[in-house]
Amino acid sequence: MKKTAILVLIAALTFSMAACNSTNSQSAPSDESILKPDEALVESNDFTVKELEESENNAVISQYEIGDIILEDGSVIKEGNLTTIDKSNVPIAVIAGFQEDGTAFGVGVHRSDTPLQWAADDSVGYATNFTENICIQESDFDFSGDTDGSDNWAVICAGDSKDTADTATNYPAFHFVNTYAETYKLTGDYTSGWYMPSIAELCKIYQNREAVNNSLRHIYRLDEQAAMNGLETNWYWSASQAGSEDDYAWFVHYFNGYAGECPKNFTNVHALAVRAF
């Protein structure tokens with residue numbers, strides 16, 4: 001009897017998945033469609049067994065895979081299936097990692113045109129220790145503390161209400177991120193929600209750079225104005241405050257994945273924008 005019940009449950013779940021897969025909905029992932037961090041998307045039969053095994057933990061599976069391209073209307077396309085750039089529905093991001101709760105995040109297809117300061121040396125934020133934004137490196141790519149960068153700018157604004165009013169002058173790297181949607185004329189649901197990644201998120205992007213670069217370079221080959229030509233070997237800022245010095249923030253060198261701390265007014269570091277999907 002127990003075996004029969006399990007078989008019925010498996011059949012019901014398989015039918016439910018088939019019904020979901022038959023739709024073209026591009027809405028945000030449901031609770032039944034989010035992967036645990038860094039897990040690959042599995043075949044439907046594997047998913048059914050996995051859901052049964054982990055139902056007590058409310059395990060969820062993602063509709064996204066690393067390297068998926070997100071278009072402006074929210075639709076998802078694989079690199080190999082993108083054959084042309086539709087100016088009315090351009091690529092806006094490439095899925096680059098997963099948060100601890102399974103939420104996917106994507107990196108915007110453009111980086112800052114030039115290196116930018118995290119904070120100008122005469123700004124309040126340059127010498128302020130934003131303690132809520134501190135990340136601690138446990139090992140090469142493992143961090144504890146504030147690993148989600150989505151609220152880091154709000155923390156900075158709370159600690160510096162004066163100079164954050166002029167981000168272009170006082171927080172140039174954050175200005176790039178805060179104006180990302182406006183700069184690249186994004187519309188609809190994706191005009192907001194962009195932020196500078198934490199050091200943990202920035203390292204995840206680096207770890208997944210091969211798949212991310214494949215998609216970025218494919219977009220670039222189709223239209224050089226539509227995306228950067230891969231992440232390349234730039235230094236990139238994170239939104240994470242360094243724990244060592246008040247005037248230091250975390251960055252990653254994409255030449256070799258080195259994560260380090262440097263002065264917030266350093267002028268050789270680019271910025272990336274990321275967003276949850």
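These values consider heavy atoms only, across backbone and side chains, with no hydrogens, waters or symmetry-generated copies.
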(message) Any carboxylate oxygen within less than 4.0 angstrom of a Lys/Arg side-chain nitrogen, looking at K87 and D223?
(response)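 The answer is yes: the pair qualifies as a salt bridge.
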Non-hydrogen atoms of [X] and [Y] that approach each other most closely:
X	Y	result
G125	A119	C-CB, 4.3 Å
I66	G97	CD1-N, 3.5 Å
Q63	V76	NE2-CG2, 4.1 Å
G108	M228	O-CE, 3.5 Å
V90	I85	CG1-CG2, 4.4 Å
D140	Q137	O-NE2, 3.0 Å

Using a 3.5 Å distance criterion without hydrogens, assess whether the side chain of [X] forms a donor-acceptor pair with backbone atoms of [Y].
X	Y	result
E210	N213	no
K162	V124	no
W118	A239	no
N170	A120	no
H218	L82	yes
T191	T187	no
K264	A127	no
N178	F174	yes
S112	H270	no
D160	D163	yes

Are a donor atom and an acceptor atom from the side chains of [X] and [Y] found within less than 3.5 Å of each other?
X	Y	value
N129	T131	no
E138	S144	yes
E79	S215	no
E132	Q241	no
Y195	E201	yes

(message) Which residue in the set L272, I199, V252, V269 passes side-chain contact (heavy atoms from CB on, under 4.5 Å) when paired with S238?
(response) I199
(message) Given P91, which partner from the list I69, L222, I70 fulfils the side-chain contact (heavy atoms from CB on, under 4.5 Å) test?
(response) I69
(request) List in chain and number order the residues that pass side-chain contact (heavy atoms from CB on, under 4.5 Å) with E245, two or more places apart in sequence or in another chain; answer none if no residue qualifies. (result)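 Result, side-chain contact (heavy atoms from CB on, under 4.5 Å) vs E245: D247, Y248.
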Is [Y] close to [X] at the side-chain level, that is, under 4.5 Å between some pair of heavy atoms?
X	Y	result
T164	W153	yes
Q99	D148	yes
L202	Y254	yes
V94	D68	no
T233	N256	no

(message) Check for me whether R217 meets the cation-pi criterion with Y220, that is, NZ or CZ under 6.0 Å from the six-membered ring centre and within 45 degrees of the ring axis.
(response)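 Ring-cation test returns no.
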(message) Taking the ring of W235 and the ring of F255, is the distance between their centroids below 6.0 Å?
(response) no
Roughly how far, to the nearest 0.5 Å, is the [atom2] atom of [Y] from the [atom1] atom of [X]?
X	Y	atom1	atom2	value
S192	L186	OG	CG	10.5 Å
Y171	S123	OH	OG	4.5 Å
Y126	D121	OH	CG	6.5 Å
R275	F105	CZ	CZ	14.0 Å
I134	D146	CD1	CG	9.5 Å
T128	N133	OG1	CG	11.5 Å

(request) Would you please classify the geometry between the W194 ring and the Y180 ring as parallel, tilted or perpendicular, with 30° and 60° separating the classes? (result) tilted
(message) Going by ring pair (Phe, Tyr, Trp, His ring centres under 6.0 Å), W250 matches just one of F130, F143, W237. Which one?
(response)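 Between W250 and the candidates, ring pair (Phe, Tyr, Trp, His ring centres under 6.0 Å) is satisfied uniquely by F143.
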(message) Quick one, F266 with F251, criterion side chain to side chain contact (heavy atoms under 4.5 Å, CB included). Give me CA distance, side-chain angles, the key distance, then yes/no.
(response) CA-CA 11 Å; F266 196 54; F251 75 95; over 6 Å; no
(request) Could I get the full list of side-chain hydrogen bond (donor to acceptor under 3.5 Å, both in side chains) partners for R111, not counting sequence neighbours? (result)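 R111 satisfies side-chain hydrogen bond (donor to acceptor under 3.5 Å, both in side chains) with E232, Y236 once adjacent residues are dropped.
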(message) Please say yes or no: joined through hydrophobic side-chain contacts below 4.5 Å, possibly via intermediate residues, are I77 and F277 part of one cluster?
(response) yes
(message) Is there a side chain to side chain contact (heavy atoms under 4.5 Å, CB included) between I92 and L71? Walk through the geometry before answering.
(response) CA-CA 6 Å; I92 63 169; L71 303 181; over 6 Å; no
(request) Evaluate the criterion side chain to side chain contact (heavy atoms under 4.5 Å, CB included) for residue pair M196 and V274; output intermediate values, then yes/no. (result) CA-CA 6 Å; M196 192 185 301; V274 300; over 6 Å; no
